Amino acid sequence: MKFDFTYFNPTKIYFGKTALENLSSELANYGDTVLLVYGKGSVKKSGLYDKMIKILNEAGKKIVELAGIKSNPSYKQMMEGARLVRENHADLILAVGGGSVIDCAKAISISAYCKGDPWQRYWIDYEEVDNEIVPVGAVLTMAGTGSEMNGGSVITNEEKMLKNGRVYPPNVYPKFSILNPEYTYTVPKYQMASGIFDTFSHLLEQYFSGTDDNTTDYVIEGVLRSLTHSARAALKNPEDYEARSNIMWCATIGLNTITGLSKEQDWEVHMIEHQLGAYTDCAHGAGLAAISTAYYKYIYKFGIDKFVRFAKNVWDVNTDTLSKEEAAMAGIEKLSNFIRELGLPSSLRELGATEEMLPLIAKSTIQGGGYKQMDENDILTVLKNCY
Ligand code: NZQ
Ligand code: ZN
């Protein structure tokens, strides 16, 4: 393990079919008022909303609601939530939904008592959070982001055309998260695939960096194999509990810092996607899918040994008879085929991007990278290659 690290994850996970039974005892740890945050209606359709209200009522809580959180949650919704927390003195923010709802709940939790403009201070200037943080709990309904066990909060400022994410320290992580894989049965196929590829991408962003022999890379390879296997099973039968539970756990450990330990990490596919999302409002995982093949074809030469290893250990490519170049490309081809198998887009055009947007996206993307440091021109080339 090349880099020193401190590992601490404070989120308590309740996992499985009976996980929701633990909500009452968790609620007892907090005061009377709960801000219930949810999305555009799936929780009402599935009946989960009614169950939540019943549990909250039985626990004697005053319920304040913030409904309609959109995919790629907005700055405006976050500010509305912050106002509700302040006015009602909420003691707990309970997020019921996917990554967007949980990200928004975390954003509200740090913004409610922020002095000054939280967007500028926390998402642009990356200041440390120096105000009270209202605790967040989560009931997850869609697998993919890992937001249920991390400090990530990605918010879109629609006026400024910026989608910015930040990873906050453990005091911003959800205090507890309830993960029942059965809740994900109703996620539409495209969203399910998008979530699966989001997790896949998180693992790749962490994997494609470094040349040292690191246990974390072996862990990532194992999780990628499990995810691919279960994704195929869930595509065939969305109510395959074994597959859906594996996918859910892959998503959680794919971004709860375990799979990033002692790694340099890349994250440029995510940086590009965030700006693609700001311009097109596409589903996050679908955007990542459209960018990934072009990105990895652009950078593989700078870390070719890892790409050979990816082909061999993740996709079982027989690399012995191939040149490094051929083996690396075979792995990227497998990735590309998997994206097609998931039914996700392979081009930006399919997501509503126009040619005029490409330079704007390239200009506003945060520059970084793993094996290759990317500048604006590199990013524009990648965008053109997947347009
Ligand atoms: O709004 P509702 O009606 O609830 O519908 C949602 C939404 O339309 C639907 N859905 C969720 N659970 C469902 C369901 N539909 C039927 N049955 C269910 N059980 O799915 C749609 C997508 O939901 P959303 O929460 O937007 O998806 P996801 O979990 O992919 O979250 C995406 C957001 O997370 C950010 C992304 O950038 C994006 O803004 N990310 C957060 C990260 C983090 N916190 O660490 C890391 C990621 O890389 C990512 O950037
Ligand atoms: Zn992601």
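Note that the coordinates shown come from a computational prediction; the quantities given were computed from them, not determined experimentally. Each ligand, and each atom within it, is numbered from 1 in the order the structure gives.
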Could you tell me whether atom 11 (C) of ligand 1 has at least one protein heavy atom nearer than 4.0 Å?
->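 Looking at atom 11 (C) of ligand 1, one finds that a protein heavy atom does lie closer than 4.0 Å.
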
Does the protein place any heavy atom closer than 4.0 Å to atom 16 (C) of ligand 1?
->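 Answer yes: something from the protein, a heavy atom, is under 4.0 Å.
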
Is the positively charged end of [X] above the ring of [Y], judged by distance under 6.0 angstrom from the centroid and angle within 45° of the axis?
X	Y	value
Lys306	Tyr207	yes
Lys44	Tyr49	yes
Lys17	Tyr241	yes

When you measure from the side chain of Asn131 to the backbone N and O of Ile110, does any donor-acceptor pair fall under 3.5 Å?
-> yes

Is Asp198 reaching over with its side chain to a backbone N or O of Ser194, donor-acceptor style, under 3.5 angstrom?
-> no

Could you list the atoms of ligand 1 found under 4.0 angstrom from a heavy atom of [X]?
X	answer
Met142	11 (C), 12 (N), 20 (O), 22 (C), 23 (O), 27 (O), 28 (P), 29 (O), 30 (O)
Lys163	36 (C), 37 (O), 38 (C), 39 (O)
Asn72	38 (C), 39 (O)
His270	48 (O)
Gly39	1 (O), 4 (O)
Ser71	7 (C), 8 (O), 21 (C), 22 (C), 23 (O), 24 (P), 26 (O)
Ser147	44 (N)
Thr186	16 (C), 17 (N), 18 (C), 19 (N)

Between Trp267 and His202, how do the two ring planes meet: parallel, tilted or perpendicular, split at 30° and 60°?
-> tilted

Would one find more than 12 heavy atoms of other residues, nucleotides or ligands at under 6.0 Å from atom CG of Asp32?
->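 Count not over threshold, so no.
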
Going from CG on Leu360 to CG on Leu276, what distance comes out if it is rounded to the nearest 0.5 angstrom?
->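 The distance works out to 12.5 Å.
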
Among Phe197, Tyr185, Tyr183, which residue places a heavy atom closest to atom 19 (N) of ligand 1?
->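 When every heavy atom of Phe197, Tyr185, Tyr183 is considered, Tyr183 comes closest to atom 19 (N) of ligand 1.
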
For atom 32 (C) of ligand 1, which candidate among Gly287, Ser100, Gly165, Gly254 provides the closest heavy atom?
->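 Checking each option, the heavy atom nearest atom 32 (C) of ligand 1 is found in Ser100.
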
Please confirm whether [X] comes under 4.0 Å of ligand 1, counting heavy atoms of the residue only.
X	answer
Glu273	no
Val43	no
Pro188	yes

State yes or no: are the ring centers of Phe338 and Phe200 separated by less than 6.0 Å?
->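 Close enough - the centres of the two rings lie under 6.0 Å apart.
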
Determine, using ring centers only, whether Tyr300 and Phe208 are less than 6.0 Å apart.
->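 No; Tyr300 has its ring centre 6.0 Å or more from that of Phe208.
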
If I apply the N/O under 3.5 Å rule, does [X] come out as touching ligand 1?
X	value
Thr184	no
Val154	no
Gly41	yes
Val101	no

Given OD1 of Asp198 on one side and NE2 of His284 on the other, what angle do they make at the Zn ion (ligand 2), to 10°?
->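 Rounding to the nearest 10 degrees gives 90°.
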
